[in-house]
Amino acid sequence: MDKKIVFIKDTGISLPERTKDVYAAFLNGLRDRGMQDSVMAVRVADIGAYSQGVVIKVLPDTTYYNVKDADINRIIDSIKEGKAVQDLATRKEAKQLRIVLRNCGVVDPDNIDDYLARDGYQSIKKVLFELKTQEKVIDEIKKSGLRGRGGAGYPTWMKWNFAKQMAADQKYVICNGDEGDPGAYMDRSVLEGDPYSVVEGMMIAGFSIGATKGYFYIRAEYPLAVDRIQNAIDRCYERGLLGNNILGSSFNFDLEIRLGAGAFVCGEETALIASIEGRRGTPHPRPPYPSVKGLWGSPTVINNVETLANVPYIILKGGDVFARVGTATSKGTKVFALTGKIKNSGLVEVPMGTTIREIVFDIGGGIFNNKAIKAIQTGGPSGGVIPKDFLDTPVDYENLQKLGSIMGSGGMIVMDEDDCMVDIARFYQRFCFEESCGKCSPCRIGTAQMLNTLSKIAEGLGELSDLDNLRRISQAMQKAALCGLGQTAPNPVVSTLRYYQDEYEVHIINKKCPSKKCRNLLSYKIIPEKCKKCSVCMMNCEAKAITGNKDDGYTIDMNKCVRCGKCFEVCKFKAVSKE
Amino acid sequence: MREEKLSVDIENIVKKWEGKKGSLIMILHDIQNLYGYVPRATSLQLSNYLEVPLARIYEVITFYHFFKLEPPGKHLIQVCMGTACYLKGASDLLHELRDILGVREGTTTKDGLFRLEVVRCLGCCGLAPVVKVDSKVYSKVTKDRVADILSEYEQEAAVK
C-alpha cells in the first residue's frame with residue numbers, strides 16, 4: 001500500500017542526458033533486492049534543482065545531489081532501512097514543512113481511492129458526525145489562527161463567522177483560483193496535485209456558513225487544473241460525497257466550476273463575483289462585503305486555494321496542533337514560488353517565521369551564476385522589493401508589511417546585481433496599467449501616468465521632479481482607488497523609491513543605468529587595445545553604426561547606434577565595452 | 001448551410017447551460033473552444049437565443065483577454081512575460097520573434113501560419129524563459145534557438 005516514491009533526474013548540463021541510465025541502474029538495484037513492488041521510481045521532467053548532476057529525491061523529504069553510479073545501491077539500501085544515507089544526503093529540505101502540499105506528488109490526483117487512503121474525507125466526516133455544529137467548526141479554525149493566503153491575510157474564521165451570522169435562504173462559497181500574479185504558481189500546483197483536499201476544504205467551508213452551493217473560479221489558462229478539479233467533483237458525486245444528504249447526513253452541497261478569462265482584476269473578490277455572474281469583471285465599492293451581500297446578492301465566502309487546502313488538515317489534527325507552527329500573529333506554513341535568479345527554483349513550503357535568507361540560500365541554494373543578491377520581490381504587482389539588508393527578517397504578514405511589501409499569494413522573485421530597479425518598477429507598472437479595468441479614475445489615470453514617468457526616466461529623459469510626482473500619484477491611488485488592484489498598484493514604485501532612490505537619481509542625473517538594463521542609457525565603445533580588428537562587429541551591425549577598416553580599427557557612432565547589443569555579443573575578444 | 005451548422009452548434013452549447021445563472025462567460029468559452037475564436041455571426045445568434053443585446057455580449061468579450069474576435073493562426077506562439085521569464089530575457093525573445101515573423105504580438109502572420117502572443121505567466125517559472133508553441137513548451141529558450149524552433153513548424157508546413 002505505502003509505496004515509496006523516488007524521483008530521478010539528471011540535472012547536469014552535459015549531453016547526452018543520463019537520466020535513462022541512472023533510472024535503469026536504479027531499477028536493476030531494486031530488482032536485485034526484490035524491492036520492485038515496494039518502491040516506485042519515476043523519471044521526472046523537472047525536479048526543482050538545476051546543474052546539480054544526477055538528483056534522486058526519495059519522498060517525502062530526502063534529496064541526494066550529484067549522485068555517482070556507485071552511490072545508487074547505497075541509496076536503495078537506505079530506503080530499505082528507512083533512513084537516509086547521512087554522508088550523501090544534503091538536508092536541504094529539513095527547513096521545509098509540508099502541510100498544504102502534504103499530498104502533492106504523493107497521491108494520484110485522478111484517483112479518489114488514493115486520497116481516501118491518506119485520511120481523505122475524514123475531516124468532513126469529523127465535521128458532520130463529531131463536531132456537528134457550525135460554531136464548533138469555526139471555533140476550530142479560530143484556534144488554528146489560519147489567515148487568508150490570497151494576500152491580505154484576513155482571519156479565515158472571522159470571514160466565515162460573518163457569513164454564518166447572516167440570515168439568508170441561499171449562501172455561497174467560492175474558491176478563488178484566479179492566480180494571476182506573474183511568477184506565482186502555488187495554487188495551480190495544489191489544484192493539479194491535490195484537488196480532493198481543496199474540494200474537501202470547500203465542503204467544510206460550506207457547512208460552516210450554511211451554504212449549499214460552491215463555485216470554483218479557475219483561470220482558463222490552467223486547463224489541467226480545471227480537468228483535475230472537474231474529475232474530483234465528478235468522483236465525489238459518485239461516492240455520495242457531494243449532492244444531497246452527504247454521507248447520510250442532512251448536509252447538502254453542490255460544486256461547479258466557472259472559468260476565468262484572463263483578467264487579473266478578477267482576483268479581487270467583488271470583480272470575481274461579477275465574473276461568475278457572467279458580467280465584465282469590474283469591482284464595486286465595499287462595504288457591503290461579500291460575506292453580507294455577494295454572489296447574486298447572497299452572503300458569500302471567498303477563500304483562496306491554499307487557505308482551503310489547509311482546512312481539512314486543521315479539522316483533522318485540531319486547530320491547536322496547527323497553531324504550534326508559525327509566529328505569534330501568523331500561524332501555519334506558507335507556500336512560496338521561488339523563482340528568478342536562483343539556483344533551485346520551485347515551490348517551497350516553510351513554517352511562517354522562516355527567514356528570507358533561509359529560503360533563498362538554504363533551500364534555494366543561493367544565486368544563479370554565483371552573482372550577488374540584490375533584493376527579493378514578494379506579492380507580485382501588489383507587493384514590493386525587499387533589499388538584501390533585510391534577508392534575516394522572519395517571514396510573516398506583519399514583517400513583510402513593515403518592509404513595504406506584502407505576503408501576497410506567495411510569489412518570491414530573487415533579483416541579482418544585474419537587475420535594475422527602475423526597470424522592475426516599470427515592468428510591474430506596465431502590468432497594472434494593462435490590467436486596470438478602467439472603472440475608477442485614480443487607477444486608470446494613475447497607472448498610465450506612473451508608467452509614462454517611469455518610461456521617461458528609463459529612457460534618460462527624467463527630471464528630479466518626476467520622483468515627487470511618482471510619490472504624489474502613489475499616495476492618491478493608495479487612498480482613492482476603488483479596489484485592491486488600484487490601491488496596491490503603486491507598491492512596487494513606492495518600495496523601489498524607498499530603498500533605491502539613488503538608483504533612480506543616477507538614471508535622472510547621470511543618465512546612466514548602473515545595472516546596464518535600460519537600453520536607451522547604454523553606450524557602446526570599442527577598446528582599441530583589445531580590438532583584433534577582425535571586423536566581426538561591423539559585419540553584424542545592422543544599423544551600420546560601426547565604421548572603420550582593418551588597418552585603422554573600428555569606431556561606433558552612438559548617434560546611429562540602436563543599442564541592440566549585437567557587437568557586444570559577437571566580439572570574442574571582449575573589445576566592446578558597454579556602459 | 002454554414003449558417004445552419006452554426007446555429008446547431010450554438011443551440012447545443014446554449015442548451016448545455018440552460019437554467020444555470022450567469023452562464024454567458026462559460027458559453028463564450030465553449031464557442032471559442034469550438035472555433036478558436038468568437039465569430040461575430042455567432043455572437044449575433046447568441047444575442048437572439050439569449051435575448052441579450054449584442055452590446056452586452058461584446059462588452060464581455062472585449063473585457064477579457066482570453067476571448068478572441070479573429071481567427072487564430074495555424075500555430076499559436078505564446079511568449080511568457082511573467083516576472084521570472086522577463087528577468088531571464090523574455091523580451092529579447094519577443095524582439096527576435098517579431099523580427100523573424102514580421103508581426104507584432106496579438107497578430108497573425110500573412111501566411112496564417114503563426115500567431116504571436118504575449119501571455120502573463122504560464123506557471124512554469126522554474127523553466128524560464130519559456131516559449132509555448134501550441135501545446136509544446138520550450139524551456140530555457142535563448143535568442144539563437146528561436147529560429148530553430150520556428151523552422152520545425154515551417155518545415156512541417158512545407159512537407160504538407
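Quick note on labels: first sequence line is chain A, next is B, and so on, each numbered from 1.
Residue A:Arg430 does not touch chain B at all, counting heavy-atom pairs closer than 4.5 Å. Within the 4.5 angstrom heavy-atom criterion, no atom of A:Ala337 approaches chain B. Contacts of A:Glu256 with chain B are made by side-chain atoms alone, with heavy-atom separations under 4.5 Å and no backbone atom involved. Interface remark: B:Lys132 contributes no atoms to any contact with chain A (heavy atom separation under 4.5 Å). For A:Tyr428, the part lying near chain B is the side chain, with the backbone staying farther off; criterion is any non-hydrogen pair under 4.5 Å. With a 4.5 Å cut-off on non-hydrogen atoms, A:Arg188 touches chain B through its side chain but not through its backbone. In this structure, the portion of A:Met415 lying under 4.5 Å from any heavy atom of chain B is its side chain and not its backbone. Only the backbone of A:Ile257 comes within less than 4.5 Å of a heavy atom of chain B; no side-chain atom from C-beta onward does. With a 4.5 Å cut-off on non-hydrogen atoms, A:Val265 touches chain B through its side chain but not through its backbone. With a threshold of 4.5 angstrom between heavy atoms, A:Glu569 approaches chain B through side-chain atoms but not through N, CA, C or O.
Looking only at heavy-atom pairs under 4.5 Å with chain B, the residue among A:Leu259, A:Leu347, A:Asp181 that has the most is A:Leu259. Interface summary for chain B: among A:Asp423, A:Thr282, A:Asp418, the most heavy-atom pairs under 4.5 angstrom belong to A:Asp423. The most heavy-atom pairs under 4.5 Å with chain B, out of A:Gly262, A:Ala261, A:Cys266, come from A:Ala261. Options A:Phe427, A:Phe431, A:Tyr185 differ in how many heavy-atom pairs under 4.5 Å they form with chain B, and the most are formed by A:Phe427. Per-residue counts of heavy-atom pairs under 4.5 Å with chain A were compared for B:Leu24, B:Leu87, B:Val119, B:Asp92; the largest is that of B:Leu87. Heavy-atom pairs under 4.5 Å with chain A peak, among B:Lys20, B:Met26, B:Lys21, at B:Lys21.
Atom CE of A:Met412 and atom OG1 of B:Thr83 lie 13.5 Å apart (nearest 0.5 Å). A distance of 7.0 Å separates CD1 in A:Ile424 from OH in B:Tyr86, rounded to the nearest 0.5 Å. The line from OG1 of A:Thr339 to NZ of B:Lys88 is 8.0 Å long, rounded to the nearest 0.5 Å.
Contact detail for A:Ser275 and B:Tyr64: the closest heavy-atom pair is OG-OH, 3.0 Å. Closest approach of B:Ala84 to A:Gly340, counting heavy atoms only: CB-N, 4.2 Å. For the pair B:Phe66 and A:Ala220, the tightest heavy-atom approach, listed with the atom from each and the gap, is CZ-CB, 3.6 Å.
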Let me see the working for A:Glu435 and B:His65 under side-chain contact (heavy atoms from CB on, under 4.5 Å), right down to the final yes or no.
CA-CA 10 Å; A:Glu435 290 298 337; B:His65 300 300; 3.1 Å; yes

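Within the 4.5 Å cutoff, the side chain of B:Phe63 has no heavy atoms near those of the A:Arg279 side chain.
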